[in-house]
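Data first, discussion second: the structure below is written as structure tokens.
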Amino acid sequence: MAVITIDRRTFIIGASAFFATNAIADSHITVPDDLLSWLREEITDQPGLRSPEVTGPVPDADARRLAEFGVFIARQWGMDGEFSDLTTDLTSYLIFFKAAESPSYLNEYEEMAAVLRELEARVASREQAFEIMAFWKMSPEASNLTRVGRFRQLVFREFAYYIVSQGGFKRFKPMKNYFGYRGGRFTQADLPYRGLD
Amino acid sequence: MKDARVAVVGSGVAATTVADILLRSSAASHVTMFEAGSRVFMADYRSWLDFVTKDLRPYADGLDKKLDIEGDEDLFRVRDGRLMVVGGSTVHWGGWCPRFKPEDFSLKTNTGRGLDWQFGYEELAPYYAKAERRLQVAGNSNRDDPPRYGKRFPVKSVPLTQKDGPVVQAFEELGYLNFGNLPIARNKGCITTGTCKYCPVQGKYDATMDLKPNSERFRLKYNCAVVEILMERKTKASGVKWYNWMTGEGDNEPFDYVFVCAGALESAKLLLRSTMHWREGLGNGTGHVGRHLVSHPLIRADGVVPKNPEAFEQELDFPTLECREFDTPLYQPEGKFYFVRDGRDHRIDFANELINGRSVSELEKQLVDRVNFRLSGFVEEFESEGNRVEIAKGTNKFGLPRTRIVYATHELTKKAKEKWISKMGEILRQVGVEGDIDPINYNPRCDHATSVCRMSATAAEGVVDGNCKVHDCDNVYVVSNAVFPNVAAVNPTLTLTALAIKVAESFS
């Protein structure tokens, strides 16, 4: 059994934990050899989306699992609650649009949900599976043809930009507006950004 | 003029303005608009999501490729500038809408360089006001340089941001008092998403907003390059030859009038390849088509203030503060300068930082530890002898001839760039910047290119007259930045729109 160091910069989510972000710096998770090789296994030879022309709704269970992953990383960064409307419903919105229209992520999302599902079965908890897929600091970085690399590219990275833009940036007080945030009209009395008095 | 069949080449702001006015006034019975590029769906939510999450721009196929250009492209940038799609370069423009200043219309009289316009600022001023309404420009109606003659902006100005504050203070301390809200095409629908390169609600004007649905009187033919203007005789065009690169179809189609409303480079190139009865190209009897190429060198200065207790950070995607202190007759002989406080590129990319393992607390600390300030501006460029655009061998994906650029920077412009970079550095020091000030010196880009079909009193000096009609040709007009006799120091789009309104109303 190999010992894999996960460079954790944030808490692992707990069922009802209060997430004081960044309070924990170092932590270790042991990952079996077979899991390591499984994560790094190439699952495609196509860097781009596979079957982008196939559109449609992501199966409910898959969409829910991916949406929960989105909420998980928002909480890790302290970007839930007052800072964001990021709920499973809103994350589901992103998933829906990316799958319903071409170039569609339907095929990819189904596979990435399956990766999460299988990983969950191999580790102690769903949260641990989420953490590995989000925050495991790989060295060297896995290519986007592998399970973990592809997940990072198509799910983690895009969700991260979505989370920050949908209000997560407000975690960085006193910011009021940011790239991708629909702050409101500049003609309104309460400016949607910090104005010059 | 009634019942005229009109061909409009291009689908950017000049093209849609001309088409709209000719159809409304019934000066044209039918308008056919030809656009070499493809259609991009604007305000499409999925496209916007891809922009936010992947930085994908849905119009990227409309940009030039390296192989499309030859010559001095590294000195005069064609790629990344213009956009060949329905709506033209307005689809990705920033929306800055300053007017030219009165002195810009008399460059030759004032400095001996270039040419004067065939009319002055006062004559164009009413059309500027109409252009501001068309583009829904937000601006401060109380600022009167250049003079507004009481005409108000249609949308109130975008208030300055908190981060503008230190720069405003520096301006005041240095006595540079000609500053204020940047006039910018942000309509009342703007919801300040910060994604202005692809807006989810069309809160920024783009020319597709003025496109009428295909009807009995209007046709939009996209993916269709106009290959040549056909001539019945030297003084009269008979139509255009077009080619659809997507379907392979093509035709010689008759028209009573042709309005060339493409960007500067393609407008000149179309005249150059229209050689029926004009051996050197339509309107090129005296060799001015494609010549006199100028644009705007973009210069920047960056610096860091090593403390930021108020957590200043870029919250809007577009600048709000402009300065015209050096855009005055005093500086015209050496090349005027117009600038803004910019900062989009310095915004902390929180998502990317977090993805790459930086912690929230590290980013919180960064936010208050230091702050970047950037000033960016345009220098009025003078023509270097021999600057021109030409037709190169081969075609691009749109069926248009490849582009050859011959370009050198005028010595005066080189000096002006150095001077104004230094001036921005002085202002940044006043803001509180410590350490190095990073000067960034970009070569001119083609989306602001002008003068390659310049306006003149006679054919001996230029290509079109004061109404933008090609000299010695009765029914071909060029309505494009190409006809500007000079480039001034500010963005050309508002002036182009005003000119298009003037020409179309005059025609009507």
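So you know, we letter chains A, B, ... as the sequences are listed, proteins then strands, and number each from 1.
Looking only at side-chain heavy atoms (C-beta outward), Thr193(B) and Arg182(A) come within less than 4.5 Å of each other. Using a 4.5 Å heavy-atom threshold, the side chains of Phe97(A) and Trp48(B) count as separate. Using a 4.5 Å heavy-atom threshold, the side chains of Leu196(A) and Thr161(B) count as separate.
A 6.0 Å sphere centred on CG of Asp144(B) holds more than 12 heavy atoms belonging to other residues, nucleotides or ligands. Within 6.0 Å of NZ in Lys365(B) there are 12 or fewer heavy atoms belonging to other residues, nucleotides or ligands. More than 12 heavy atoms of other shown residues, nucleotides or ligands fall within 6.0 angstrom of atom NZ in Lys397(B). Open room surrounds CZ on Phe96(A); 12 or fewer heavy atoms of other groups in view lie less than 6.0 Å from it. The neighbour count for Lys188(B) NZ, taken as heavy atoms of other residues, nucleotides or ligands under 6.0 Å away, does not exceed 12.
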| query | Can you list the steps and then say if Arg171(A) with Glu364(B) is a side chain to side chain contact (heavy atoms under 4.5 Å, CB included)? | reply | CA-CA 9 Å; Arg171(A) 177 73 178 75; Glu364(B) 285 174 331; 2.6 Å; yes

| request: Decide side chain to side chain contact (heavy atoms under 4.5 Å, CB included) for Lys173(A) and Leu367(B); before the verdict, give the C-alpha distance in whole Å, the side-chain angles of both, and the deciding distance to 0.1 Å. | output: CA-CA 9 Å; Lys173(A) 291 181 175 177; Leu367(B) 193 58; over 6 Å; no

| field | Stepwise side chain to side chain contact (heavy atoms under 4.5 Å, CB included) test for Tyr161(A) and Phe51(B) | value | CA-CA 10 Å; Tyr161(A) 272 96; Phe51(B) 180 44; over 6 Å; no

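Interatomic distance, CZ of Phe179(A) versus NZ of Lys197(B), reported as 11.5 Å (0.5 Å rounding). From Tyr178(A), atom OH reaches atom CG of Asp349(B) across 5.0 Å, with rounding to the nearest 0.5 Å. Expressed to the nearest 0.5 Å, how far CG of Leu363(B) lies from CZ of Phe169(A) amounts to 14.5 Å.
Your options are Gly194(B), Ala138(B), Cys190(B), Gly165(B), and the one with the most heavy-atom pairs under 4.5 Å with chain A is Cys190(B). Ranked by heavy-atom pairs under 4.5 Å with chain A, the list Ala311(B), Ser157(B), Pro159(B), Gly189(B) is led by Pro159(B). Most heavy-atom pairs under 4.5 Å with chain A, from the set Val368(B), Asp317(B), Thr195(B), Val201(B): that is Thr195(B).
The shortest non-hydrogen separation linking Ala351(B) to Ala160(A) is CB-O, 3.9 Å. Nearest approach of Gly180(A) to Val52(B), heavy atoms of both residues: CA-CG2, 4.2 Å. Met175(A) and Gln314(B) get closest at one heavy-atom pair: CE-O, 4.2 Å.
Remark: the backbone N or O of Thr192(B) is paired with a side-chain donor or acceptor of Asn177(A) at under 3.5 angstrom. For the pair Glu315(B) (side chain) and Lys176(A) (backbone), a donor-acceptor distance under 3.5 Å is present.
With a 4.5 angstrom heavy-atom cutoff, Arg347(B) touches chain A only via side-chain atoms. Of the atoms belonging to Lys156(B), heavy atoms from both backbone and side chain fall under 4.5 Å from chain A. If you measure heavy-atom distances from Leu49(B) to chain A, the contacts under 4.5 Å come from both the backbone and the side chain.
Partners of Arg46(B) by side chain to side chain contact (heavy atoms under 4.5 Å, CB included), not counting sequence neighbours, listed by chain and number: Lys98(A), Glu101(A), Pro103(A), Tyr105(A), Asp44(B), Asp50(B).
Residues of residues 183-195 of chain A having a heavy atom under 4.5 Å from any heavy atom of chain B, listed by number: Gly183(A), Gly184(A), Arg185(A), Phe186(A), Thr187(A), Leu191(A), Pro192(A), Tyr193(A), Arg194(A), Gly195(A).
Between Phe350(B) and Phe172(A), the ring planes lie parallel to each other; the angle is under 30°, not in the 30° to 60° tilted range.
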